[in-house]
Number of protein chains: 2
Amino acid sequence: MEIRKGLGLQALPSMTLLRELTDQIVLDTVFEQAPITRAEIAQQTGISKTTVSEAVRRLEGAGLLLPAGEQRGRQGRVGTYYKVASTAGFVVAVDLNPTQIRLCAADLFGQPFLESAHPPVQPREPARVAEQLRELVSKAIAEGNPGRGRPLAVAVSVANPVDPATSRVIPLADTPYPEGLIQPQEALDGLIDAPILVENDVNLAAIAERWHGAARTADSFAYVYIGAGMGMGLLIGDQLIRGARGVAGEIGYLSVSSQPPGPLHGRHGFARAIAAAGFHPSREPGSDQVAVDVARQVFDRAAKGNAEAKAVVEEEGRTIGEAIAAVCAVVDPELVLLGGPIGLHPALLEPVRATVQDLAPLPPAIEVGTLGDAAVLHGALALALRRARADLWAGVSRQPS
Amino acid sequence: MEIRKGLGLQALPSMTLLRELTDQIVLDTVFEQAPITRAEIAQQTGISKTTVSEAVRRLEGAGLLLPAGEQRGRQGRVGTYYKVASTAGFVVAVDLNPTQIRLCAADLFGQPFLESAHPPVQPREPARVAEQLRELVSKAIAEGNPGRGRPLAVAVSVANPVDPATSRVIPLADTPYPEGLIQPQEALDGLIDAPILVENDVNLAAIAERWHGAARTADSFAYVYIGAGMGMGLLIGDQLIRGARGVAGEIGYLSVSSQPPGPLHGRHGFARAIAAAGFHPSREPGSDQVAVDVARQVFDRAAKGNAEAKAVVEEEGRTIGEAIAAVCAVVDPELVLLGGPIGLHPALLEPVRATVQDLAPLPPAIEVGTLGDAAVLHGALALALRRARADLWAGVSRQPS
DNA sequence: TCTAGTTAGGAAGGAGTCCTGACCAAAGAT
DNA sequence: ATCTTTGGTCAGGACTCCTTCCTAACTAGA
């Protein structure tokens, strides 16, 4: 029973199941190692040459694989390279955040053919931002459409938690931003016949670091985002821990014992730094961006030796370290990565490490993320790609040609 | 690639794979619904009658299935019931804790044929306790051996964290008990040709509640044990979260901000209650048991209306609630169950609920475990059973008859 | 330039698995 | 006594994968 679920399809034992399995393995292999010949596929997968050839024939017939030149320069018969057809489809990733809307469209290899950033429309009302989102995605699809097949998945990154059951954005009570009130599923409704994946931005950054970044080898790891808010993305194995209601990783709430409750909670992990600089965050648009800049200035001063600023950084590091220590006590990750505009600041790493060293049961490795501010969009793209590839395969096996 | 890993075997597409899959499904179905006829299996699984018959023939040939009477009382041909052979094997579960050693041996249906509890040997030196463990398990195997096949798995519950990579017990620096210094793998070395599963007691209790107790329907849940120590078992989906080094769930460390660091950490979650009663835990053997009793008395007084005791319970509840709130902020479980000699006390539930309600981003359901102090052994048994059943299948498919 | 060795791909045949549909035998229903 | 229902088997067919052999084409080396 569990096995059947694990396969993620109607896994009754049957000839069809066997064929789908072979096709999927062959397709995956080509994805990862194109260009590749049938003989190489066979050798690597352990599947016999004949069977591989059959699978390739099916996949080529379905328009998913294409010949890609000849294998020359060695003894023996000339082999035919294969690759995934560039017309097989494409994906779109969108990062919907208060500062800007970033968009990336890429083919199934992850090769982008469109990248753009846009300031949010003014005035920033939910309905207008939703419309802007729809328009941008629509344009991206039009861009991809002539030669790249059809859109296979769209991933949208949002700054809010997302309900894992319904994939709906959970509006936070104190959100000052209209982005938190948009439901991308609705905004893009009817635009495409492909899954619309909505996910929290920090979770996506975590996915990016895990699949393609500094956490590639870590089996369990936590990505701690420190910027206009403080949040965490948690990956155990290849599984993203979303929580029952999608609020896993809201570690801003952990600092409750050292900070008074209030609207800052869950949003301003570096509250002291900005307060020390005489800045008070408000609900004004752009406030977060300003706050981040202010905090960064404090951190820079600390790096230059300013004692007062240093003390502030120390204290912030301790707060963050306490949160990380709590995470360690709960899930004991192998690695913790810091990210976000504040988290990437080099002055922060040491105080955080020191605190965690002091408090955690068994302190993990703590490093800084390598993907920088590209992590979120990168993660969204990766998520869309994975889904697109899986669906591609399902599409093939549904209509065996 | 991922699919192959998911299957947990040499999942190259092949005829054999198909057969193994069918056999496993049939075996599982009989396990869950014995006695059952071939026709019923076919109807329920969707596999054709012919194929089911084939599989049953193979499994019976391998000695795993046996006819179990006739299906009468209805129209049509008399069907043959099948069940898993009672000679297919058995499992042994051991709970190795400072107070006593509890043991349970059961057939593959989970039906116990041996249950016993033993006081630890005196003097309690690691080597002697290890020897005692070996002897007890040895006796259990002898008990099972004549008619029940061979031992297929032994699960040992320990109070320490367990390294998930090596399955070795991690000795805690301040452990006053010899049990924490025993490596069950070594103590039982050579005794049996079956896997020896070592797992933390709280994790096992969590498994028991998730698979057979109050958390059956919760997809993600945390089991919080409050007794001579404070710990947590975390299950997301069907996956036990052990952490990279096995110290996930050491939430005793979370109360660091409200308690001074020291040897109490991670062991005495109810420190205030016992301190209030004038008791100071020591490294003496039996100290923990006394401490628990003392704390329970305080809780009883609180339930009877004693104001002073009530205040202590309130405060303890708050401490525990804070820890749970932290867990919620990190992983957002659907359900939290309280367990352990203190955690099961009814006076604790309300204060804990109130605190979590106050602090957690989205408070989860909080209940009391239903399996009581049987949870640990129950979980060990469940773990051994699951493993035994999986291996059983692997055994069949390795040597197809 | 020519031969030998090497390699990709294909064809044929065989083994194994699952399914459909027909069939049988026995029991209860009528 | 006959009909209907039902568990199980049998025969035939479809499909998938594998092994083995074969072919064509290329490189290496004399």
Side-chain angles (χ1 to χ4, degrees), chain A residues 4 10-26 29-30 33 35-61 65 67-82 396-397 399-401, chain B residues 4 10-26 29-30 33 35-61 65 67-82 396-397 399-401:
Chain A
R4 279 186 277 172
Q10 59 94 29
L12 271 186
S14 74
M15 297 286 115
T16 334
L17 175 69
L18 221 47
R19 193 192 53 211
E20 288 176 13
L21 204 53
T22 344
D23 287 356
Q24 177 62 17
I25 291 173
V26 169
T29 309
V30 178
Q33 321 197 17
I36 188 173
T37 68
R38 283 169 267 195
E40 285 166 351
I41 297 173
Q43 193 173 1
Q44 228 179 84
T45 56
I47 302 172
S48 77
K49 281 195 298 174
T50 330
T51 307
V52 169
S53 276
E54 291 269 335
V56 168
R57 185 170 312 129
R58 280 191 295 266
L59 291 167
E60 191 179 354
L65 290 189
E70 297 183 336
Q71 181 198 44
R72 296 191 161 272
R74 68 155 89 173
Q75 258 178 332
R77 175 170 170 183
V78 174
T80 318
Y81 279 132
Y82 277 87
V396 178
S397 44
Q399 42 186 30
S401 53
Chain B
R4 279 187 279 174
Q10 58 93 27
L12 272 187
S14 74
M15 297 286 113
T16 335
L17 174 69
L18 221 48
R19 191 191 54 211
E20 287 176 13
L21 204 53
T22 331
D23 288 356
Q24 176 63 17
I25 291 174
V26 169
T29 309
V30 178
Q33 320 198 18
I36 188 173
T37 68
R38 284 170 264 193
E40 285 166 350
I41 297 173
Q43 192 173 1
Q44 229 180 83
T45 56
I47 301 172
S48 77
K49 283 194 296 175
T50 327
T51 306
V52 169
S53 276
E54 291 268 338
V56 168
R57 184 169 312 127
R58 280 191 296 266
L59 292 167
E60 191 180 355
L65 290 189
E70 297 183 336
Q71 180 198 46
R72 295 190 161 273
R74 67 157 88 176
Q75 253 178 334
R77 177 168 171 183
V78 174
T80 318
Y81 279 132
Y82 277 87
V396 178
S397 43
Q399 42 186 32
S401 54

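In this structure, B:Thr45 and B:Val26 have side chains that are not in contact, with every pair of non-hydrogen atoms separated by 4.5 Å or more. Between B:Ile47 and A:Leu12, the closest side-chain pair of non-hydrogen atoms falls below 4.5 Å. Side-chain atoms of B:Pro67 and B:Tyr82, non-hydrogen and from C-beta on, do get closer than 4.5 Å to each other.
With the nearest nucleotide of DNA chain C identified for both A:Gln75 and B:Gln75, A:Gln75 has the one nearer the 5' end. Along DNA chain C, the nucleotide closest to A:Arg38 and the one closest to A:Met15 are compared, and the more 5′ of them pairs with A:Arg38. A residue-by-residue look at A:Lys49 and B:Gly76 shows that B:Gly76 has its nearest nucleotide of DNA chain D further toward the 5' end. For A:Ser48 and A:Arg72, each mapped to the nucleotide of DNA chain D holding its nearest heavy atom, the one lying further toward the 5' end belongs to A:Ser48.
No donor-acceptor contact under 3.5 Å links the side chain of B:Arg77 to the base of C:dA26.
Contacts of B:Glu40 with the nucleic acid, taken as non-hydrogen atoms under 4.0 Å apart, are absent. B:Thr50 comes within contact range of at least one nucleobase, with a heavy-atom separation under 4.0 Å. B:Glu54 comes within 4.0 angstrom of no nucleic acid atom, judged by non-hydrogen atoms across all strands. Using a 4.0 Å heavy-atom criterion, one finds that A:Ser53 contacts the sugar-phosphate atoms exclusively.
Rounded to whole angstrom, the span from the CZ atom of B:Arg57 across to the C1' atom of D:dT9 amounts to 9 Å. Residue A:Asp23 contributes atom CG, which lies 13 Å from atom C1' of D:dC17 at whole-angstrom precision. Per the geometry, CG belonging to A:Leu18 stands 10 Å off P belonging to C:dC18, to the nearest Å. The CD atom of A:Gln43 sits 15 Å away from the P atom of C:dT6 (whole-angstrom rounding). In this structure, the CG atom of B:Leu21 is 13 Å from the P atom of C:dT17, given to the nearest Å. One atom, OH of B:Tyr82, and another, C1' of D:dG8, lie 10 Å apart when rounded to the nearest Å. In this structure, B:Gln71 places its CD atom 16 Å from P of D:dT5, rounding to the nearest Å. The separation between B:Leu17 atom CG and C:dT17 atom C1' is 12 Å, rounded to whole Å.
Contact annotation: A:Thr80 side-chain N/O to C:dG9 OP1/OP2 distance is under 4.0 Å. One finds a side-chain N or O of A:Thr22 lying less than 4.0 angstrom from the OP1 or OP2 phosphate oxygen of D:dC17.
No side-chain donor from either of B:Gln33 and B:Glu40 sits under 3.5 Å from a side-chain acceptor of the other.
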Check: How far apart are the C-alpha atoms of B:Arg19 and B:Met15, what are their side-chain angles, what is the distance that settles it, and do they pass the side-chain contact (heavy atoms from CB on, under 4.5 Å) test?
Finding: CA-CA 6 Å; B:Arg19 191 191 54 211; B:Met15 297 286 113; over 6 Å; no
